[in-house]
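Just below is one structure, and these are the notes that go with it.
The residues of the chain are indexed from 1 along the displayed sequence. Numbering of ligands and ligand atoms starts at 1, following listing order.
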Amino acid sequence: MDQPKLNEQSPVIKLAIDLLSRASVTPADAGCQKLMAERLAAVGFSNESMVFDDTTNLWSRRDANVTKTKLNTSSDDNNNDLVFCFAGHTDVVPAGNLELWNTPPFEPTIIDGMLYARGAADMKGSLAAMIVATERFVQDHPDHQGSITYLITSDEEGPFINGTTKVIDTLEARNEKITYCIVGEPSSTNTVGDVVKNGRRGSISATLTVKGKQGHVAYPEHVKNPIHLAMPALTELSQETWDNGNDYFPATSFQLSNLNSGTGATNVVPGHITALFNLRYSTELNDEIIVERVEAILNKHQLDYDIQWTFNGKPFITEHTHSKHGFLNAVSQAIFTVTGNETELSTSGGTSDGRFIAPTGAQVIELGPCNATIHQVNESVACDDLEKLVDIYYHCLFNVLCTHKH
Ligand SMILES: [Zn+2]
């Protein structure tokens with residue numbers, strides 16, 4: 001095992017190691033944001049720490065040159081209102097069973113070109129790449145158009161109550177908008193940049209209780225069997241065509257995940273049945289329509305029921321436009337420039353903080369390293385991938401904020 005000395009490391013690896021040495025298990029930040037803020041301040045960013053209860057958030061902003069803004073206001077191609085945002089989180093999931101780690105999770109270690117530590121891929125590697133890309137970009141193009149911002153939270157892996165959603169509320173109250181946002185979540189599958197998430201499905205869950213009347217199975221005239229009553233309605237819900245999806249999303253899917261009833265005795269009709277279900281839904285639907293349609297089916301079957309809804313997240317999509325200046329084009333061109341590969345757009349996977357940013361009207365994508373080891377023991381990222389990610393983020397900044405120079 002050859003562990004190169006820290007002073008021989010490249011800037012992105014050095015910074016990643018510095019961030020990864022801090023045991024910021026959610027919702028702790030452990031000084032990561034202070035470190036990032038210092039680096040950003042040195043290249044002209046104004047930092048604002050937003051603390052909500054146990055969660056530290058960083059909002060950082062570097063505006064375009066003011067004189068230039070005034071000169072350009074009459075131009076057709078004025079991009080000075082553009083606000084580019086790097087979003088991400090400094091918290092990590094717990095290390096889990098320490099005995100299963102080959103190296104201590106908060107002592108970042110490089111073995112055969114792989115950097116091992118909790119958070120290496122999700123997502124302190126991305127944070128380091130964003131910072132180094134931004135430093136280089138600002139140095140090369142100090143007169144860039146628009147603004148560069150950072151929205152960083154320490155509550156992405158936790159209950160996500162005091163993180164990105166509260167920062168967005170604060171920004172919305174000031175009418176401070178984000179135009180384009182890259183969330184540094186590990187989107188890639190086999191090689192860095194091979195997949196970009198340009199949206200996520202919505203998720204809504206429910207706990208349904210259908211009431212009957214308990215009694216002896218031998219006296220059906222004295223009971224109301226909630227299982228018999230619920231079955232046709234549950235069958236109809238599971239067979240319903242909710243939509244046919246669209247260009248970006250598969251058809252909405254309804255899944256029953258739990259079904260519980262019965263006393264354990266064969267001669268007792270139970271008093272109620274409880275069903276848990278979830279819908280992963282496309283942008284063809286919304287929460288209100290789903291609630292209405294599910295309850296219409298339950299009502300049609302004349303059930304006596306209670307239903308509790310949980311709204312996990314609305315769907316969002318950043319559409320591909322054929323305009324040369326579209327955000328997705330800027331990103332896929334950046335990936336092609338660095339890796340020579342075409343990227344694949346995907347809306348698969350779980351939710352991310354992108355769901356809180358997209359509803360403000362921002363175009364949001366997720367682009368980061370490979371996700372094969374995230375949340376696992378021996379989480380790792382390829383050092384080479386982090387170097388490439390710096391270049392990809394750099395070219396994203398260039399393609400969005402330096403279009404005049406083409
Ligand atoms: Zn993450």
Side-chain angles (χ1 to χ4, degrees), residues 12 15-16 19-30 32-33 35-36 54-59 85-96 105-106 108 115-131 133 150-168 181-189 192-201 203 312-313 316 318 331 346-358 362 364-382 385-386 389 392-393:
V12 66
L15 180 55
L19 291 168
L20 290 164
S21 306
R22 296 156 198 257
S24 55
V25 175
T26 190
D29 166 67
C32 293
Q33 289 174 24
L35 177 62
M36 294 174 69
D54 58 355
T55 303
T56 310
N57 305 285
L58 173 66
W59 174 245
C85 181
F86 281 121
H89 59 91
T90 52
D91 59 329
V92 298
V93 295
F106 297 107
L115 173 58
Y116 290 86
R118 169 57 81 228
D122 186 9
M123 56 169 278
K124 289 178 178 174
S126 311
L127 298 179
M130 290 169 181
I131 297 280
Y150 275 72
L151 196 175
I152 307 296
T153 183
S154 68
D155 175 39
E156 199 274 340
E157 303 288 9
F160 45 79
I161 294 165
N162 295 310
T164 301
T165 178
K166 288 253 171 82
V167 178
I168 286 294
C181 180
I182 294 182
V183 186
E185 290 293 348
S187 61
S188 304
T189 306
V192 65
D194 62 353
V195 178
V196 163
K197 307 270 189 199
N198 66 322
R200 295 281 184 146
R201 288 182 295 180
S203 169
N312 305 306
F316 70 90
T318 294
V331 171
S346 162
T347 57
S348 69
T351 61
S352 86
D353 274 3
R355 74 193 135 143
F356 302 122
I357 303 169
V364 179
I365 62 113
E366 293 170 27
L367 168 57
C370 297
N371 53 31
T373 62
I374 60 170
H375 296 206
Q376 300 180 13
V377 298
N378 300 314
E379 179 177 347
S380 66
V381 68
D385 281 357
L386 291 188
L389 200 55
I392 292 171
Y393 287 157

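Considering only residues two or more places apart in sequence or on other chains, S24 meets the side-chain hydrogen bond (donor to acceptor under 3.5 Å, both in side chains) condition with K124.
For the pair NE2 of H89 and OD1 of D122, the angle at the Zn ion (ligand 1) is about 100°; rounding is to 10 degrees.
Nearest N/O/S atom of E185 relative to the Zn ion (ligand 1): this is OE1.
Inclusion of E157 in the first shell of the Zn ion (ligand 1) is not supported: no N, O or S atom falls under 2.8 Å. Within the coordination shell of the Zn ion (ligand 1), defined by N, O or S atoms under 2.8 Å, E156 is absent.
Side-chain contact, T153 with K166: no donor N or O sits under 3.5 Å from an acceptor N or O.
Between T90 and M36 the shortest side-chain heavy-atom distance falls below 4.5 Å.
Of the possible polar contacts, one joining the N57 side chain to the N162 backbone as a donor-acceptor pair under 3.5 Å is found.
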